[in-house]
Amino acid sequence: MTSINQILFEKSQQLIPGGVNSPVRAFRSVGGTPIFFKRGLGSKLWDVDGKQYIDYINSWGPMIVGHAHPVVIKAVQEVAENSLSFGAPTGLELEMAELINTLVPSMEQVRLVSSGTEATMSAIRVARGFTGRNKIVKFEGCYHGHADALLVKAGSGLLTFGEPSSAGVPADVAAHTLTLEYNNTQALRELFSQVGDEIACVIIEPVVGNMNLIVPHMEFLQTLRELCTKHGAVLIFDEVMTGFRVHLGGAQALYKVKPDMTTLGKVIGGGLPVGAFGGRKDIMSCLAPLGAVYQAGTLSGNPVAVTAGIKTLELIQAPDFHVKLAAQTKKLVDGLVAVAKETGVVFSAQSVGGMFGLYFSEKCPSSFAEVMQSNKPAFNQFFHAMLEAGIYLGPSAFEAGFVSAAHSDEDIAFTIEAARKAFQSVAAM
Ligand SMILES: *Cc1c(COP(=O)(O)O)cnc(C)c1O
């Protein structure tokens, strides 16, 4: 019998390239048919054929309070009745700006956009306008959305396809983007000693979540901060994924390193399209209508989207929210490591706040090259065994995982039991 899921995927492929609206969703890396969903509640998802899953993707991060949280849904319904958009300012945008500024004080001024891609693209334009320089620096395996200049040695979906870069990006656009190895302090020092005074900005995922999870070395982050200050380059923390997830104040609060600019997305919209970029007032003043750097958006600051974000940011300020989230995520990771050990499968795992990384390798990687050495066939076997058991993980060995506040002790225990069998199937490969 053909499932509804199978029919939807076949029909979608006729009209939508690859049947999906974002490449990783297509399951190309792990093989098989992507799951089409119809409902979510708390930590659970249900697909179009009625099968239940525990969700460890959480829409790639935004659903940090769980799916269909009643407070968020009610607020969205109420604000929607007052019209979906004005293309003019609302008090909600001010409320959001105040919230961002309170939670992430380095963002002295902020502008709202509709995606993480827009946030990083615009932040780089501002940094270039502010410094009058062209060169930008990024790190291998970090993903900053799909703007041309940032699709150079990027992570996420691009890694899944084994492509270092995208076709359609002119070489002369990419030529201004310099790429370094993550966590390599020496290479960073060398680059700055050569061209430091030509660098407009350095953009970095302060915890990487787009080549699986990579934790920064403190010395690396601190050196980066010092070099940017010394050479007048703008340090941009791309906290689209880490913002409000690794800590209430983002990775910059967790590691106590203050960037000049920050980009946000994912959690900030609570599941609706919101992004933001902001930072030092002198830098942000370069933006139109105050300054000469142009940036705009018809739906920027959309009232419905911003409301979902505000309610989500209110909920995550509950006492000990992040302490509990981090503890629950660590419980998952420790449990997985323990059952992998029992089955003799080479496996490691780690977590930062509500983000986690699973690696079929001896130890947790700290660079792109190390991530690439993990056992991809083992991951794919594990992924499919878990999916069968109703555990929805990211469909690629190069994606991080996400836990929400709705994940209960029972969810974690169920997941670890399912993993025991999945690891056994890996051991039998
Ligand atoms: C997801 C992500 C982006 C892109 O955000 P979109 O909303 O998908 O455009 C940028 N940077 C990082 C670190 C991300 O994780």
Side-chain angles (χ1 to χ4, degrees), residues 1-13 15-16 18-77 80 245 266-267 269-273 304-305 308 311-312 315 325 328-329 332 335-336 354-356 358 380 382-396 399-422:
M1 196 187 76
T2 317
S3 64
I4 298 171
N5 199 98
Q6 198 63 41
I7 293 165
L8 288 178
F9 187 48
E10 272 153 30
K11 285 192 175 167
S12 294
Q13 284 172 291
L15 288 168
I16 304 170
V20 294
N21 282 310
S22 197
V24 176
R25 297 180 193 171
F27 275 34
R28 285 289 168 95
S29 182
V30 290
T33 306
I35 312 294
F36 284 58
F37 289 102
K38 67 172 177 203
R39 194 164 87 85
L41 185 66
S43 60
K44 307 289 192 313
L45 293 175
W46 289 270
D47 71 16
V48 286
D49 292 302
K51 180 170 172 163
Q52 179 181 299
Y53 302 82
I54 300 174
D55 181 22
Y56 288 103
I57 299 186
N58 283 282
S59 190
W60 304 99
M63 313 315 293
I64 194 166
V65 297
H67 290 274
H69 192 291
V71 170
V72 179
I73 299 299
K74 183 162 175 283
V76 164
Q77 284 170 338
R245 174 157 285 279
K266 298 193 168 105
V267 170
L272 286 178
V304 182
K311 287 298 157 193
T312 301
L315 288 166
L325 182 68
Q328 205 69 336
T329 311
L332 170 72
L336 293 178
M355 264 169 92
F356 64 85
L358 312 179
N380 290 356
F382 181 76
F383 170 83
H384 280 292
M386 292 296 270
L387 192 66
E388 183 65 36
I391 311 292
Y392 190 57
L393 297 168
S396 160
E399 299 291 350
F402 304 93
V403 170
S404 81
H407 285 73
S408 64
D409 289 343
E410 291 73 34
D411 289 333
I412 304 291
F414 183 89
T415 305
I416 293 168
E417 271 322 299
R420 187 192 305 276
K421 292 202 187 75

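One distance of note links CG of Asp47 with CD1 of Ile4; it measures 8.5 Å at 0.5 Å rounding. Expressed to the nearest 0.5 Å, how far OG of Ser396 lies from CG of Asn380 amounts to 8.0 Å. Between the CG atom in Asp55 and the CG atom in Leu45 there is a gap of 4.0 Å [rounded to 0.5 Å]. In this structure, the separation between OG on Ser59 and NZ on Lys266 is 9.0 Å, given to the nearest 0.5 Å. Here the straight-line distance linking atom CG of Leu358 with atom CE of Met386 works out to 8.0 Å at 0.5 Å rounding. Taken from CD1 in Ile416 to CG in Leu332, the straight-line distance is 6.0 Å, to the nearest 0.5 Å.
In plain terms, the two heavy atoms of Ala26 and Pro34 that are nearest each other are O-CD, 3.9 Å. Minimum interatomic distance between Gly61 and Val267 (heavy atoms only, all atoms of both residues): O-CG2, 3.5 Å. Closest non-hydrogen pair, Phe27 versus Gly32, comes out as CB-O, 3.8 Å.
Judged as a side chain to side chain contact (heavy atoms under 4.5 Å, CB included), and not counting sequence neighbours, the contacts of Ala80 are Leu84, Val304. A search for side chain to side chain contact (heavy atoms under 4.5 Å, CB included) contacts involving Thr33 returns Asn5, Gln6, Phe9, not counting sequence neighbours. Not counting sequence neighbours, the partners of Lys74 by the salt bridge (charged side-chain N to carboxylate O under 4.0 Å, His left out) test are Glu78. Taking Glu417 as the reference, Arg420 meet the salt bridge (charged side-chain N to carboxylate O under 4.0 Å, His left out) condition, with sequence neighbours excluded. Among residues two or more places apart in sequence or in another chain, the side chain to side chain contact (heavy atoms under 4.5 Å, CB included) test is passed with Phe414 by Ile54, Ile391.
Judged by distance alone, with hydrogens and angles left aside, the side-chain atoms of Asp49 form no donor-acceptor pair with the main-chain N or O of Lys51 at under 3.5 Å. Between the His384 side chain and the Val30 main chain, a donor and an acceptor come within less than 3.5 Å of each other. Of the possible polar contacts, one joining the Asn58 side chain to the Phe402 backbone as a donor-acceptor pair under 3.5 Å is found. A donor-acceptor pair is defined here as one N or O able to donate and one able to accept, closer than 3.5 Å; no such pair exists between the side chain of His407 and the backbone of Gly66.
Using a 4.5 Å heavy-atom threshold, the side chains of Val24 and Pro395 count as touching.
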Verdict with reasoning, Met63 to Thr312, per side chain to side chain contact (heavy atoms under 4.5 Å, CB included): CA-CA 9 Å; Met63 313 315 293; Thr312 301; over 6 Å; no

Derivation of the side chain to side chain contact (heavy atoms under 4.5 Å, CB included) call for Ile35 and Leu387: CA-CA 10 Å; Ile35 312 294; Leu387 192 66; 4.1 Å; yes

Ile64 and Leu325: CA distance, side-chain angles, deciding distance, side chain to side chain contact (heavy atoms under 4.5 Å, CB included) verdict: CA-CA 9 Å; Ile64 194 166; Leu325 182 68; 3.9 Å; yes

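Counted within 6.0 Å of CD on Glu388, heavy atoms from surrounding residues, nucleotides or ligands total 12 or fewer; the atom is thus considered open.
Screening residues 34-44 for side chain to side chain donor-acceptor pair (under 3.5 Å), with sequence neighbours left out, gives Ser43-Asp411, Lys44-Asp411.
Only one option out of Trp46, Tyr56, Phe37, Phe383 pairs with Tyr392 in a ring pair (Phe, Tyr, Trp, His ring centres under 6.0 Å); it is Phe37.
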